Amino acid sequence: MEIVSSVKDFQFLLSEGRNSGKEIGFVPTMGALHEGHTSLIDTSVKQKKSTAVSIFINPLQFSAEEDLDNYPSSLEKDEEICINHKVDILFCPTQKEIYPNGPPEPEEIGEIGTILEGKSRPSHFPGVATVVARLFEIVGKSCAYFGEKDFQQVKVVNDLVKRRQFPVEIVACPTIRQVDGLALSSRNAYLTQDQLTDASVLYRALTVGAESILNGEKNSENLKKLISDVVKSESKGDLDYVGIVDSETFTPLNLLNDLGEQVRILIACKFGNARLIDNIGVVVPET
Ligand code: PAF
């Protein structure tokens, strides 16, 4: 595995990969790699791509009150993980490499980025879209792998690719969970053992919501109350939102009507200092 920090060296290695006849598989990350990330890497490697991982903690996607300064970082361990998972190129740029002229104008985000996570963290998706656009400009034609744990981020990135016409195919990979259902996230590192146990309520609550849809519940408000009640009664979590949207369009749904409609339930909740998000997909059944 080659480790580079300059855009020039990175692009040289990408072109070597292409010259060897392989397509590029790109996994953008902020480091503190866990099995969620390695599942993205493994998918790229299995698809026989020349696999490049970037590690860049992007300041633009954190607001002033958020955890930029304490965001977990473990570069040596990350390098070892990348080697073990057969990554070809690890790109660890400085801020100057990514934003040579200082922070750029934030990238435009569509409506999808303004609700739920976008409403609670207004500068987050513009920051994500800005760095992802910059990374896609650097990497060029490729498949880029993102985790469905950040379902709304996947939608924002898909939207960005369409709007800016990047030659990038977005591959959304399933969320990886602990045995108790907690979705793997770098932010889980902030939690105490008790908080980790508490946070497993998120997946239980989402599952209760999904089962209720499968049993015929069609009213979003009822579903949101049901899910919120599970979180409130079974944990000390500070719930931010429960959202129910059409999986394809990300339009909020009041009533689930159509048989076969793909629905996503999304949740955000704080446990101690960590704000966690999760989601689940359900298909509306025949009633
Ligand atoms: O999901 C993440 O880790 C980040 O939001 C991303 C896509 C690497 C952009 O900084």
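In listed order, ligands and their atoms are each counted from 1. Note that this is a predicted model, so its numbers are computed, not measured.
Residues Phe62 and Tyr71 place their aromatic rings such that the two centres sit under 6.0 Å apart.
The shortest distance between side-chain heavy atoms of Arg264 and Glu148 falls below 4.5 Å.
Of all atoms in ligand 1, numbered sequentially from 1 with element shown, those under 4.0 Å from a heavy atom of Phe146 are 7 (C). Less than 4.0 angstrom separates some heavy atom of Pro28 from each of these atoms of ligand 1: 8 (C). Residue Val131 has at least one heavy-atom neighbour below 4.0 Å for each of these atoms of ligand 1: 9 (C), 10 (O).
No hydrogens or angles considered: nothing links the side chains of Asp42 and Thr38 as a donor-acceptor pair under 3.5 Å. No hydrogens or angles considered: nothing links the side chains of Asp198 and Gln195 as a donor-acceptor pair under 3.5 Å.
Checked against a 3.5 angstrom limit, the closest N/O atoms of Gln153 and ligand 1 fall inside it. Considering backbone and side-chain N/O atoms, Gln61 comes within less than 3.5 Å of an N/O atom of ligand 1.
A distance of 7.5 Å separates CZ of Phe91 from OG of Ser6, quoted to the nearest 0.5 Å.
Only the backbone of Thr29 comes within 4.0 Å of ligand 1, judged by heavy-atom distances.
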